[in-house]
Amino acid sequence: MPEFDNAAIAAMLDGMGDLLEVAGEDRFRYLSYHKAAHAVRAWPEDLSTLAEEGRLTEIPGVGKKLAVSIGQILETGSFPEYDAVKASFEPTLVRIMDIPGVGPKRARLLYEQLGVKSVDDLETALQQGRLVGLAGFGEKTIDNIASGIESARRHSERILLQDALPLATRLADELRRLPSVERAEPAGSVRRWQETIGDIDIITSSKQPQAVMDEVCKLPMVVRVLGSGGTKTSIMTTAGLQVDVRVVDPAEYGAALQYFTGSKEHNVALRERAKRAGLKVSEYGVFRVSDGERLGGETEDEVYRLLGLPTFPPEIRLGIGEIEAADEGRLPKLLRLQDIRGDLHGHTTSTDSKATLEDNRAKAAELGYDYIAVTDHAFNLRMVKGLEPERIREQWAAVDRLNAEGEGPVILKGIELNIAEDGSVDYDEELLAGFDLCIASLHGGFRDPGEKVTQRLLRAMENPYVDIIGHPTGRILGRRNPMDLDMDAVLRKAGETGTIMEINAYPDRLDLNDTHIRMAKRYGVRFSIGTDAHATEQMNYMPYGVATARRGWLERRDVLNAQPLETVRKWLKRAKVVGRATAGEHRARER
DNA sequence: GCCGTTTTCGGCCCGACTGTTTTCAGTCG
């Protein structure tokens with residue numbers, strides 16, 4: 001019986017919601033499954049624990065019925081209602097709803113009339129001309145579905161934030177320079193610093209909307225104009241990314257920015273709350289329901305203020321309880337980029353980086369850091385010339401020389417250890433004790449059974465010289481799935497042993513992710529945000545790590561490298577071991 | 001299916017576009 005973690009349960013609830021939608025069920029019934037799935041996915045505790053303690057209904061959107069269903073998923077891997085719907089409709093059928101223009105009604109019609117069960121089936125039916133004459137399928141609709149299949153295939157993979165954010169920022173800058181434009185900002189998932197992006201949204205305000213739309217089409221980065229109307233223009237850029245630029249009246253700018261920033265779930269929660277207060281929120285402003293009067297919407301601050309709420313940082317607009325937290329005064333004071341005082345994960349030319357120790361220190365100085373750690377690969381990672389003990393001692397001597405110069409950020413002697421099959425790490429204890437800090441990471445066995453990789457990590461965390469676990473789940477966005485870890489056990493162990501969890505800021509890792517961070521915080525875990533730079537310019541990745549931490553509701557006090565150097569040393573596990581040994585030696589000498 | 005500072009029943013976010021229609025359903029964000 002495979003274990004069902006929160007993500008797996010959420011996926012099953014979403015699947016149920018999709019199938020109920022195709023089945024023509026009541027809208028609110030299938031939405032309740034999606035709503036519960038969203039809450040489950042973000043819930044910071046393992047649902048198996050909640051189930052044991054009978055607390056499943058504490059999750060918003062999970063009532064008596066769904067609590068039973070979730071219990072059944074945990075025990076049997078499914079639940080009867082899901083099995084029943086699956087018997088009537090092919091689970092692959094829901095995938096055709098990913099095609100623009102195909103929703104539940106058309107999906108069902110295609111299934112019942114033509115026996116279409118998948119995207120491939122649909123494409124075949126289309127080529128054979130079998131859609132012609134189907135009720136509600138005119139010529140235009142059929143054309144749109146044909147191009148929809150193509151674009152769904154092309155856009156199935158999402159773009160890394162790293163690729164989307166610079167483009168969105170540059171485009172907003174260019175738009176702001178246009179005489180017709182008053183304000184312009186990226187909205188959507190880019191503004192929320194979501195790890196991957198579907199498409200880019202830019203909001204502009206202007207008194208001459210048509211002029212803005214015309215200018216957008218003429219921008220140098222435009223390859224093709226996909227569509228342009230009075231309020232929205234869609235373009236394909238030279239980088240192959242689709243961008244929607246919207247223009248609104250200056251008085252509506254805040255409401256539009258708020259609305260298009262989302263997330264959808266945040267907006268729904270916001271509107272529900274507004275409604276209870278006799279207000280209505282839309283992309284045009286905030287209105288009083290009783291007389292329809294518009295109360296405001298020129299700025300985002302105004303929108304939130306009218307609702308009696310603070311302006312939420314975009315990163316936490318996820319609809320996972322932030323509004324309730326604000327009402328109860330529980331909103332965190334989020335970590336900021338300027339709180340970061342150093343970077344504790346980075347490599348040099350001694351192993352597989354393009355940068356030298358001096359390069360890294362110079363870059364750290366440029367970034368205004370107080371300290372930096374060199375954490376090259378340890379011996380057992382042979383493919384990148386992991387360091388032998390002699391070369392470590394050479395590096396330490398080099399670090400001592402640079403630190404003795406007394407200029408620039410302090411360099412800490414670190415290492416990125418490899419966690420072996422049995423959970424042990426490189427080197428002997430004496431050498432390990434000589435480092436200022438040790439990161440330990442898994443560099444293989446990513447597809448091993450969950451039990452095995454979990455045990456490896458747990459064992460490593462018991463090691464008193466392992467201060468930090470690097471990129472804990474091993475995922476690489478778009479290329480490698482996270483390991484099948486029991487994250488609840490891992491993060492609990494981190495809390496128990498005082499092992500710091502890394503938030504790897506490398507844009508295709510962002511590992512831990514926001515959900516795991518919230519889970520870990522409940523166990524009192526502390527975090528280190530490291531760029532894992534293999535070239536000096538990659539030290540610029542820190543904002544991606546900070547944004548991930550913010551999405552995980554972290555504050556300055558949760559983060560190791562947001563502390564002064566003395567505190568960094570105190571938080572490391574070795575402060576106890578090495579500190580105790582030193583104190584012991586000291587006492588011995590006194591006798 | 002969930003939920004309650006009007007409610008344990010009757011609601012459940014808001015608006016726009018498109019296409020195929022004669023007043024609106026389906027889809028989307």
Side-chain angles (χ1 to χ4, degrees), chain A residues 13-14 16-17 20-40 56-70 79 81-82 85 96-110 133-145 147-148 151-152 187-189 192 198-201 203 227-232 234 242 244 246 248 252 255-256 258-287 289-290 292 297 303 307-308 319 323-324 327:
Chain A
L13 295 176
D14 272 330
M16 177 71 177
L20 286 179
E21 191 176 1
V22 176
E25 263 291 346
D26 174 64
R27 177 160 158 263
F28 298 107
R29 180 151 178 253
Y30 69 72
L31 280 179
S32 66
Y33 279 91
H34 289 304
K35 198 170 182 179
H38 181 72
V40 163
L56 283 169
T57 51
E58 283 182 16
I59 303 170
V62 175
K64 271 188 188 166
K65 179 73 186 56
L66 278 177
V68 171
S69 299
I70 291 170
F79 56 106
E81 292 84 351
Y82 187 49
V85 189
I96 76 171
M97 291 197 292
D98 294 341
I99 297 164
V102 181
K105 298 291 190 301
R106 287 180 180 144
R108 184 174 184 183
L109 197 75
L110 288 164
L134 218 53
F137 284 73
E139 196 180 336
K140 266 266 172 81
T141 303
I142 292 174
D143 280 354
N144 287 344
I145 289 174
S147 59
S151 91
S189 46
R192 301 197 312 273
D199 57 8
I200 296 174
D201 280 303
I203 309 296
S228 185
T231 61
K232 174 181 154 185
S234 296
Q242 185 179 329
D244 293 345
R246 290 165 204 279
V248 299
E252 297 165 345
Q258 193 287 318
Y259 173 75
F260 286 107
T261 296
S263 68
K264 185 175 153 226
E265 289 82 3
H266 174 82
N267 286 352
V268 169
L270 199 69
R271 287 163 181 211
E272 283 171 352
R273 187 179 180 282
K275 193 167 182 173
R276 285 197 293 275
L279 299 169
K280 185 186 72 166
V281 188
S282 77
E283 56 265 52
Y284 301 108
V286 179
F287 302 83
V289 174
S290 55
V303 171
L307 300 172
I323 292 170
E324 294 79 358
D327 282 336

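Per chain, numbering begins at 1; letters A, B, ... match sequence-line order. These numbers come from a predicted model, not from an experiment.
Contact check on A:Glu283 versus A:Lys232 returns no salt bridge, with no Lys/Arg side-chain nitrogen under 4.0 Å from an Asp/Glu carboxylate oxygen.
Comparing B:dC13, B:dG15, B:dC2 against the side chain of A:Phe28 picks out B:dC13 as the nearest. Of the candidate nucleotides B:dC13, B:dG26, B:dG15, B:dG26 has the atom nearest to the side chain of A:Lys105. Of the candidates B:dC28, B:dC14, B:dG1, B:dG1 carries the atom nearest the A:Arg29 side chain, counting heavy atoms from C-beta on. Here the side chain of A:Asn144 is nearest to one of B:dG15, B:dG19, B:dT27, namely B:dG19. Ranking B:dC12, B:dG15, B:dT27 by closeness to the A:Glu283 side chain, first place goes to B:dG15. Closest approach to the A:Pro100 side chain among B:dC28, B:dC13, B:dG1 is made by B:dC28 (side chain taken as heavy atoms from C-beta onward).
When heavy atoms are screened at a 4.0 angstrom cut-off, A:Tyr33 is found touching the sugar-phosphate backbone but no base atom. At a threshold of 4.0 angstrom between heavy atoms, the contacts of A:Leu20 with the nucleic acid are absent. Nucleic acid contact for A:Tyr259: base, since at least one base atom lies under 4.0 Å from a heavy atom of the residue. At the heavy-atom level, A:Lys275 lies under 4.0 Å from the strands shown only through sugar-phosphate atoms.
Going from the P atom of B:dT20 to that of B:dG26 covers 14 Å, rounded to whole Å. For the P atom pair drawn from B:dT8 and B:dG4, the interatomic distance equals 13 Å after rounding to whole Å. Rounded to whole Å, the separation between the P atoms of B:dG10 and B:dG15 comes to 26 Å. The gap from the C1' atom of B:dA16 to that of B:dG11 amounts to 24 Å, rounded to the nearest Å. Taking atom C1' in both B:dG19 and B:dT23, one finds a spacing of 14 Å when rounded to whole Å. Rounded to the nearest Å, the gap between the C1' atom of B:dC12 and that of B:dT7 is 13 Å. Nucleotides B:dC17 and B:dC9, compared at atom P, are 41 Å apart to the nearest Å.
With its glycosidic angle within 90° of 0, B:dT7 adopts the syn conformation.
Map A:Ser282 and A:Arg246 each onto its nearest nucleotide of DNA chain B; the residue landing nearer the 5' end is A:Ser282. Place A:Leu31 and A:Arg276 on DNA chain B by their nearest nucleotides, and A:Arg276 ends up nearer the 5' end.
A:Lys280 has a side-chain polar atom (N or O) that falls below the 4.0 Å cut-off from OP1 or OP2 of B:dG15.
With rounding to whole Å, A:Glu272 atom CD is found 11 Å from B:dC2 atom C1'. Summarising the geometry, the separation between CD on A:Glu252 and C1' on B:dG15 is reported as 12 Å, rounded to the nearest angstrom. The nearest whole Å value for the distance from the CD atom in A:Glu25 to the P atom in B:dC12 is 19 Å.
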Tabulated below should be each protein N or O lying under 3.5 Å from an N or O of nucleotides 20-23 of chain B; please produce it.
residue: B:dT20; atom: OP1; partner: A:Gly138; partner atom: N; Å: 2.9
residue: B:dT20; atom: OP1; partner: A:Gly138; partner atom: O; Å: 3.3
residue: B:dT20; atom: OP1; partner: A:Glu139; partner atom: N; Å: 3.4
residue: B:dT20; atom: OP1; partner: A:Thr141; partner atom: N; Å: 3.2
residue: B:dT20; atom: OP1; partner: A:Thr141; partner atom: OG1; Å: 3.0

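Here B:dC2 sits opposite B:dG11 as a Watson-Crick or G-U wobble pair (both hydrogen-bonding atom distances under 3.5 Å).
Residue-environment remark: NZ (A:Lys264) stays at or below the threshold of 12 foreign heavy atoms within 6.0 Å.
Between A:Tyr30 and A:His34, the ring planes are perpendicular. Angles over 60° get that label, and only those under 30° would be called parallel.
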Handout entry: Audit row: A:Glu272, A:Lys35, salt bridge (charged side-chain N to carboxylate O under 4.0 Å, His left out) steps and yes/no
Key = CA-CA 14 Å; A:Glu272 283 171 352; A:Lys35 198 170 182 179; 3.5 Å; yes
